[in-house]
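Note sheet for the following structure.
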Amino acid sequence: MALRADDLIDRRRLRRKLTFWRVAAILVAAAGLIAFSAWIYGDDFTGAAVDHIAKVKIEGTITEDEELIKRLEAIRQSPRVKAVILSIDSPGGTTVGGESIYEAVRKLAADKPVVAEVGTLAASAGYMIATAADHIVARKSSIVGSIGVLIQYPDVSGLMDKLGVKLEEVKSSPLKASPSPFKPTNDDERAMVRKLILDSYDWFVGIVAERRNMTKPEALALADGSIFTGRQAVTNRLIDAVGGEAEAIDWLAGKGVDAKLKVVEWKDTEKRGGFLFSKAMAQTVGAALGLPGHGGDVLHEIGADRLFLDGLVSVWHP
């Protein structure tokens, strides 16, 4: 009996030790997971739990971006976000992409102060999005403007003639599937496309006039596709002030936002196909390849993203 009692006591001790080490392993794993998440997602993982100024980067070629629009809506609904800084560095993109993000920013600005901070470039659809903010700042040498819309298409009919390739088509009406890269554009097709362009152009100019407190003729005078430096843009009333994030925060302070609040970047944390296809993985691969910014968007880094733009675009091509 004594032996059995000793065995029972030893078993209980062993069980307690095993329970201790199990709990310890769980705590270590949880701490590791938190540290890994903070490393991957940065300040938006740890900083969003306190009052802060949200920062959203809008970079590269602009297209319809459901994730960004959802992120802007989450920022609007977050009680911890007291103001928003839009950090814009973009040559523009599709007109529809610019329009959808513009509308999302205007909805956000109805609830929280929003300031746009222009980096190297905010042209075309990039500038369109900037006008949705309540205040715009840019560096003295930033590039701003390129207000306009275009549609581009190739004409490979000459090459087809040289290769002996002929296109046969049957269509319901003369303007169906026009313009086509497989034949020269005629006057009727060109007139149709021009009507399309001018309608979107008129809408874009109207946005600039409304948001920048200009008359329509004043906005039209600047909407010839010209680009301006930050200093010129101030003179032309396309932006409000020269500066960067510090000046943006100063303006927010004038709107009653505590200037001491931490600026927390809200990043795209949406997963696409697990870690192997996530942005974290893309950044790891990009860093190994030596791409700037760790290659978060490889297509953007090599400039190939613009090859996939289709339809009406509002973009500045350097």
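As the structure is a computational prediction, the values presented were derived from the model and not from experiment.
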Say whether, by atom type as modelled, one donor and one acceptor occur between the side chain of Glu210 and the main chain of Ile207 under 3.5 angstrom. no

Without swapping roles, check the side chain of Ser200 against the backbone of Ile197 for a donor-acceptor pair under 3.5 Å. no

From Arg211 CZ over to Tyr102 OH, what is the distance, rounded to the nearest 0.5 angstrom? 5.5 Å

For the backbone of Gly60 and the side chain of Ser90, can you confirm whether one donor and one acceptor N or O come within less than 3.5 Å of each other? yes

Determine whether the side chains of Ser124 and Ser146 contain a donor N or O and an acceptor N or O closer than 3.5 Å. yes

Any non-hydrogen side-chain atom of Val118 less than 4.5 Å from a side-chain atom of Ile136? yes

Selection residues 216-229 - residue pairs positive for salt bridge (Lys or Arg N to Asp or Glu O under 4.0 Å), sequence neighbours left out: Asp202-Lys216, Glu218-Arg237

Between the CG atom in Leu108 and the CD1 atom in Ile101, the distance rounded to the nearest 0.5 Å is 13.0 Å

Measure the spacing between NZ of Lys82 and NZ of Lys112 and express it to the nearest 0.5 Å. 6.5 Å

Closest non-hydrogen atoms of Val114 and Val105, given as atom of the first, atom of the second and distance, are CG1-CG1, 4.2 Å

Can we say Lys176 and Glu189 salt-bridge, meaning some charged N sits less than 4.0 Å from an Asp/Glu carboxylate O? no

Decide if atom CZ of Arg106 counts as having more than 12 heavy atoms of other residues, nucleotides or ligands within a radius under 6.0 Å. yes

Lys70 and Glu67 ion-paired at < 4.0 Å: no

Please report the shortest heavy-atom distance between Met214 and Val208, naming the atom on each side. SD-CG1, 4.5 Å

For Gly92, is there any backbone N or O sitting under 3.5 Å from a side-chain donor or acceptor partner on Tyr127? no

Between Lys57, Arg71, Lys55, which is the residue that forms a side-chain contact (heavy atoms from CB on, under 4.5 Å) with Trp266? Arg71

Output the rest of the hydrophobic cluster of Val170: all Ile, Leu, Val, Met, Phe, Trp and Tyr residues reachable through side-chain heavy-atom contacts under 4.5 Å, sorted by chain and number. none

Tyr153 side chain to Thr185 side chain, donor-acceptor N/O pair below 3.5 angstrom: yes

Short question: side chain of Asp199, backbone of Lys195 - any donor-acceptor pair under 3.5 Å? no

Please report the closest heavy-atom contact between Ala123 and Leu121, naming both atoms and the distance. CB-CD1, 3.8 Å

